[in-house]
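One structure is given below, encoded as C-alpha cells.
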Amino acid sequence: MARIAAEKCRDSFAEVFDFYAPRVKSYMLRLGANEIEAEDLAQDVMVTVWRKAGMYDRKQASVSTWIFRVARNRRIDKFRQTTRPDLDADEPMLRPPDIEQPEAAFHRVQIEETVRAELVKLPPEQLELLQAAFYEGLSHSEIATKFNLPLGTVKSRIRLAFGRLRGQLDPADGPQDHIERDMT
C-alpha cells in the first residue's frame, strides 16, 4: 500500500488487486448483491484503493480492514442509490406553482369575499352541512351519519344552499360552477 500511495506502483497494485478483488466480490455476494453488482462493486472498491491509497494509515487498521471498510461503504452507497429514486426535473409535482397574475388574484379574492358574505346569510342547517362537506371533507353519507339525518335531506339542504348562493352570485363570474364541481 505504501508503494501504491507514494509511487503509484502498478505491480504493487496488481498484487493487492489479485488478492483482494475476489474476496471483496465474495463479501458483496454475502451482503446480498447479485453477481453483476458484486463484480461492479469490487471493481469500484479496487479503483478507490488505487486512487485513495494515500489515505490508508497502517496505524489505524490493517490493509484488509481498510479495504473491506471501503467495500462496505460502497455497498451502503449503492443501496441508498437504489432505494432513492432518481428525480425527474420535468416532473410537474416538483415544479413550484405558477405565479398568480394580479388580475386573477384580484378576481379570486372578490369571489371569495362574495361567497363568504353569502355563506353567513344561509340558514344554519344548510351552512352547517356545507361546512362539514368543505372544511371537514365529509361525503354526503358521512354527513348524514354525523348529523343523524336522512341522506336525501342532506343532499336537499346542500342543493338548496347552492341554489341560494347561485342566485346571489354574478353568473358571469362563475363561482357556482367551481362550488358545485368541488362538491362532487
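We use all heavy atoms of the structure for the numbers below, so side chains are in, but hydrogens, waters and symmetry mates are not.
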| query | Is the NZ atom of K8 crowded by more than 12 outside heavy atoms at less than 6.0 Å? | reply | yes
| Approximate separation, where rounding is to 0.5 Å, of L29 CG and E39 CD | 9.5 Å
| task | May I ask you to test the R157-E125 pair for a side-chain heavy-atom distance under 4.5 Å? | result | yes
| task | Assess whether atom CG of D98 is packed by more than 12 heavy atoms of other residues, nucleotides or ligands within 6.0 Å. | result | no
| Nearest heavy-atom pair of I143 and A132: which atoms, and what distance? | CG1-CB, 4.0 Å
| task | First locate atom CD1 of I158, then atom CG of L127, and finally report the distance between them rounded to the nearest 0.5 Å. | result | 11.5 Å
| Atom pair CG (L138) and CD (Q131), whose distance is rounded to the nearest 0.5 Å | 11.5 Å
| message | Can you tell me if E15 has over 12 outside heavy atoms packed within less than 6.0 Å of its CD? | response | no
| What closest approach, in Å, do Y27 and R72 show between heavy atoms, and which atom pair accounts for it? | OH-CB, 3.7 Å
| Do D44 and D40 come close enough that some side-chain heavy atom pair is under 4.5 Å? | no
| Side chains of P123 and R164 in contact at under 4.5 Å (non-hydrogen atoms) | yes
| From CG (L122) to CG (L160), nearest 0.5 Å | 10.0 Å
| message | What I want to find out is whether E100 reaches R108 closely enough, with some N-O distance under 4.0 Å, to be called a salt bridge. | response | yes
| task | Verify the cluster assignment for L165 and F134: are they in a single hydrophobic cluster under the rule of side-chain heavy atoms below 4.5 Å apart? | result | yes
| query | Within a radius of less than 6.0 Å around CZ of R10, do more than 12 heavy atoms belonging to other residues, nucleotides or ligands occur? | reply | no
| message | Using a strict threshold of under 4.0 Å (side-chain N to carboxylate O), is an ion pair present between K121 and E118? | response | yes
| task | Mind listing the closest non-hydrogen atom pair of L31 and R75 along with its distance? | result | O-NH2, 3.6 Å
| request: Please name the pair of heavy atoms, one in Y20 and one in I67, separated by the smallest distance, quoted to 0.1 Å. | output: CD1-CD1, 3.6 Å
| task | Look up atom NZ in K25 and atom CE in M28, then write down how far apart they are to the nearest 0.5 Å. | result | 12.0 Å
| field | Considering all heavy atoms, the nearest W66-A61 contact | value | N-CB, 4.4 Å
| message | Around atom CD of E136, are there more than 12 heavy atoms from other residues, nucleotides or ligands closer than 6.0 Å? | response | yes
| Can you list the steps and then say if F147 with L129 is a side-chain contact (heavy atoms from CB on, under 4.5 Å)? | CA-CA 9 Å; F147 292 98; L129 298 182; 3.7 Å; yes
| Path from F19 to F13 over hydrophobic side-chain contacts below 4.5 Å | yes
| task | Report the distance from atom CZ of R69 to atom OG of S64, rounding to the nearest 0.5 Å. | result | 10.5 Å
| Heavy-atom check, side chain of Y56 versus side chain of V63, under 4.5 Å | yes
| Check: S26 side chain, P22 main-chain N or O, donor-acceptor pair, under 3.5 Å | no
| query | Can you name the closest pair of heavy atoms from S12 and I4 and give their distance? | reply | CB-CG1, 3.8 Å
| message | So V16 and M46, do their side chains get closer than 4.5 Å, heavy atoms only? | response | yes
